[in-house]
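Throughout, a chain's letter reflects where its sequence line sits, starting with A, and its residues are numbered from 1.
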Amino acid sequence: MSVRTRVAPSPTGTPHLGTAYIALFNKAYAEQQGGDFILRIEDSDTVRSSKQSEVDILDALKWLDLDWDEGPDIGGSRGPYRVSERLTHYEAHANELIQAGGAFTCFCSQERLDELRREQQRQGETPKYDGHCLALSESEVQRRIDEGESHVVRLRVPDSGDCTFTDRIRGEITIPWQQVDMQVLVKSDGFPTYHLCATVDDHLMGITHILRGEEWISSCPKHVLIYDYFGWQFQELFHLPLLRNKDQSKMSKRKNPTGINYYRDRGYLPEALLNYLATMGWSMPDESEQFSYAQLTEKLDLTRISPRGPVFDVEKLDWLNGCYIRDLPDEELRTRFSSWAGNSANLEKIVSMLKERTERFDQVLTQVDYLIGERKPIDKEDLMQPPLSEEDVVKILDFAARTLECITTWRSDEIGVALRHTAEICDYKVRDFVAPLFVALSGRKVALPLFDSIEVLGLELTRARLRSAIDILGGISNKKLKRLDKEWTTLTQS
RNA sequence: GUCCCCUUCGUCUAGUGGCCCAGGACACUGGGUUUUCAUCCCAGCAACAGGGGUUCGACUCCCCUAGGGGACGCCA
């Protein structure tokens, strides 16, 4: 049987490095085995999914040259490749599951479930569905559905015994059924949850090997159950380790730039980034550090992947990227560099910012240094301008980051409105509020207009610079962070 | 809290019972090449979490402890 692998990102936000990491191994393995690599869009969360996000993910993966054999944009024999376009499949399978006794209809209200969860947590128990609707008769279920009562479909889970499955990287894993919740499979809006659509689609699409993040291990029993009810053949399972922050926690945007586009915009070469990702949990048999995608597919052995979560170390990525740059022939480097510099969507914006304050072209570079390159190291003195205390400045930098986090349309005017609003609710003069931001972002006290600069820099880079400014002031302790969290919540809710 | 996973230099890793008083790479330190810087070259620093077993022999196998991580949503 021909190998088929897949990556199934959900289009909720900016393309994530983790997606690239998982996609890389899936694609490399499929290619090595002469199989196919499939891209499926998991847009089952109707609230958070967006078309834009899907487009961004496809673009980001293409930039990395991680293209697919079947996918939403190019189709394929087992399509469609968006969850939202496969609803009839899930409905049919959910019904079949109910008929077979593998699932049941549940009418419990959100309030009842919240209360139940609170109570269980108070008792120190693992929050779990209590089986309230399990005993409903078929006729009652039908009656309530006919009456239009809101309902979901839940997975029926054995109440004793263990579930054992094999992860090909870790070996046999056993989880007690007691520990497994009666997961919602179909939401009240009729959309499937991940557990239903992933299992049904993986089967229907003929997926043979599942390579995904480690965070899925604990939901495997649910998937095993569904496969068993249908009598389907389970895939080979490989749970790749989670990429980590420096402090070993799961890589998160708060502590690290996690967006693929951030790395593209910083001028990393896609092949270098891919190479680096490939060294996370994997090593070439000859221990070489620099290797191409082709070499990876030749040598890849999934069972040699380390289960231990690797820290994403930008310094080593920088070194590797430097190696790739040095290896490029001059002519190609020139092409690549100018396409990086010139194709920047921001060029237009930068030019218009400069127009008013430039008399000669040779004045341009000194003004835009921090927009197109690294900013100067921050002088702590510059950051601390009267009348603000150090505590004020840290708070401003942190709250500015939080504000930007919430911006829906990344445009200077929106950014300005939001930041001014934050200044106001915190009771700072806009002038005072904005001063440390200039320094944090540009490394200088005088810079081009702030809101425009932020638009050009983008969220991730802005966040990274704000964070590094905070670090210069000694960082934020956990205790302090909690206090800021609280203050932020109070301010933004009123 | 419950369950699951993980544990070799600061970081990425090699190591599948003797080849290991543990090898490579990044970072760091020192030296050399270079008009400067970078590159490049050389050298140095630095780890088997702890405790019990099993074995003639354990980084490698088993158990316990500790630490880290993940999951516990009508998110994926």
Side-chain angles (χ1 to χ4, degrees), chain A residues 8-13 16 18-19 41-49 83 106-110 113-114 117 120-129 150-154 162-165 167 169-198 212-222 239 241-251 275-290 303-323 325-327:
Chain A
S10 73
T12 53
H16 197 281
T19 305
I41 294 294
E42 213 92 1
D43 55 350
S44 50
D45 184 338
T46 50
V47 179
R48 294 194 308 162
S49 294
V83 161
C106 168
F107 297 92
C108 291
S109 67
Q110 198 54 252
L113 295 172
D114 288 345
R117 191 166 301 137
Q120 286 168 328
Q121 268 164 348
R122 211 158 43 78
Q123 303 269 340
E125 293 168 21
T126 305
K128 250 178 83 176
Y129 183 66
S150 171
H151 61 278
V152 300
V153 175
R154 283 183 187 275
D162 295 323
C163 174
T164 299
F165 55 92
D167 173 274
I169 293 173
R170 276 157 263 259
E172 217 168 66
I173 295 174
T174 299
I175 296 175
W177 286 119
Q178 278 287 346
Q179 204 58 221
V180 182
D181 196 10
M182 298 193 204
Q183 181 67 47
V184 170
L185 297 180
V186 181
K187 306 181 228 182
S188 52
D189 65 0
F191 270 67
T193 59
Y194 173 87
H195 306 283
L196 182 64
C197 59
R212 45 137 75 131
E214 190 183 357
E215 73 266 36
W216 293 106
I217 289 181
S218 38
S219 30
C220 278
K222 295 165 187 170
H239 289 95
L242 255 23
L243 266 23
R244 311 283 187 97
N245 298 312
K246 270 205 167 58
D247 64 2
Q248 306 280 335
S249 58
K250 178 175 168 178
M251 199 180 186
N275 184 164
Y276 181 68
L277 284 173
T279 65
M280 303 272 84
W282 163 259
S283 61
M284 284 303 238
D286 66 356
E287 291 195 70
S288 56
E289 306 275 334
Q290 190 182 350
T303 61
R304 270 191 70 241
I305 292 176
S306 154
R308 184 230 202 163
V311 171
F312 190 89
D313 178 10
V314 185
E315 273 179 348
K316 190 153 182 178
L317 171 61
D318 283 344
W319 164 77
L320 194 57
N321 201 57
C323 293
I325 285 182
R326 270 170 251 125
D327 287 349

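Per the geometry, CG belonging to A/D318 stands 16 Å off C1' belonging to B/rC28, to the nearest Å. In this entry the distance linking CH2 of A/W177 with C1' of B/rU2 reads 17 Å, nearest Å. If you take CG of A/L277 and C1' of B/rU13, they are 16 Å apart, rounded to a whole angstrom. Across the protein-nucleic acid pair, A/M284 atom CE and B/rG15 atom P stand 14 Å apart, rounded to whole Å. A straight line from CD of A/E289 to P of B/rC26 spans 7 Å, rounded to a whole angstrom. Here the C1' atom of nucleotide B/rC3 and the CD atom of A/Q120 are 15 Å apart, to the nearest Å. Between A/I305 atom CD1 and B/rA14 atom C1' there is a gap of 16 Å when expressed in whole angstrom units. Atoms CG (A/N321) and P (B/rC12) sit 20 Å apart, rounded to a whole Å.
Side-chain contact between A/I175 and A/F165 is present, with heavy atoms from C-beta onward closer than 4.5 Å. Two residues are said to be in side-chain contact when any heavy atoms from C-beta on lie closer than 4.5 Å; A/Q290 and A/D327 meet this criterion. The closest side-chain heavy-atom distance from A/W282 to A/R304 is below 4.5 Å. Counting only heavy atoms from C-beta outward, the side chains of A/L243 and A/L277 approach each other to under 4.5 Å. Counting heavy atoms from C-beta outward, A/S10 and A/Y194 have side chains that stay 4.5 Å or more apart. Annotation: side chain of A/P9 is in contact with side chain of A/I41 (closest heavy-atom distance under 4.5 Å).
Each of B/rA14, B/rC5, B/rU11 was ranked by its minimum atom distance to the side chain of A/E287; first place goes to B/rA14.
The pair A/K316-A/D313 does not count as a salt bridge, with every side-chain nitrogen at least 4.0 angstrom from each carboxylate oxygen.
Checking B/rA38 for Watson-Crick or G-U wobble geometry (two distances, each under 3.5 Å) identifies no partner in any strand. Base-pair partner of B/rU7: B/rA66 (Watson-Crick or G-U wobble, both distances under 3.5 Å). Across all strands shown, nothing is found opposite B/rU60 as a Watson-Crick or G-U wobble partner with both distances under 3.5 Å. Base pairing of B/rC72: its partner is B/rG1, meeting the Watson-Crick or G-U wobble criterion (both donor-acceptor distances under 3.5 Å). B/rA43 and B/rU29 make up a base pair, with Watson-Crick or G-U wobble contacts both under 3.5 Å.
The backbone N or O of A/N245 sits nowhere less than 3.5 Å from a side-chain atom of A/S249 that would complete a donor-acceptor pair. A donor-acceptor pair is defined here as one N or O able to donate and one able to accept, closer than 3.5 Å; no such pair exists between the side chain of A/D162 and the backbone of A/T174. Proximity of a side-chain donor or acceptor of A/T279 to a complementary backbone N or O of A/Y276 within less than 3.5 Å is detected. Formation of a donor-acceptor pair under 3.5 Å by the A/D286 side chain with backbone atoms of A/S288 is found in this model.
Mapping A/G309 and A/T174 onto RNA chain B via the closest heavy atom, the residue that lands nearer the 5' end is A/T174. The residue among A/I175 and A/R308 whose nearest nucleotide of RNA chain B is located toward the 5' end is A/I175.
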Would you list the protein and nucleotides 37-41 of chain B atom pairs, both N or O, that sit under 3.5 Å from each other?
none

Distances under 3.5 Å between nitrogen or oxygen atoms of protein and nucleotides 58-60 of chain B:
none

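Remark: the A/D45 side chain and the A/T12 side chain contain no N/O donor-acceptor pair separated by less than 3.5 Å.
Under a cutoff of 6.0 Å and an axis angle of 45°, A/R154 and A/Y129 form a cation-pi pair.
Annotation: B/rC56 and B/rC63 have their C1' atoms spaced 22 Å apart (nearest Å). With both ends at atom C1', the span from B/rU11 to B/rC61 equals 29 Å, rounded to whole Å. Taking the C1' atom of each, B/rC5 and B/rG10 are spaced 24 Å apart, rounded to whole Å. Rounded to the nearest Å, the gap between the C1' atom of B/rC40 and that of B/rU65 is 49 Å. Rounded to whole Å, the C1' atom of B/rU54 lies 32 Å from the corresponding atom of B/rU2. Taking the P atoms as reference points, B/rA49 lies 6 Å from B/rU8, given to the whole Å. Comparing the C1' positions of B/rC45 and B/rC6 gives a spacing of 28 Å, expressed to the nearest Å. Between the P atoms of B/rG67 and B/rA46, the separation comes to 28 Å (whole Å).
Within 3.5 Å, no donor on the side chain of A/K316 pairs with an acceptor on the base of B/rA27, nor the reverse.
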*Spell out protein contact along nucleotides 67-76 of chain B as letters: B when the base is contacted, S when just the sugar-phosphate is, - when no protein heavy atom is under 4.0 Å; keep the 5' to 3' order.*
-SSSSBSBBB
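Counting non-hydrogen atoms under 4.0 angstrom, A/G281 reaches the backbone sugars and phosphates but no base.
Separation of atoms CG (A/L242) and CZ (A/R308) is listed at 14.0 Å; rounding is to 0.5 Å.
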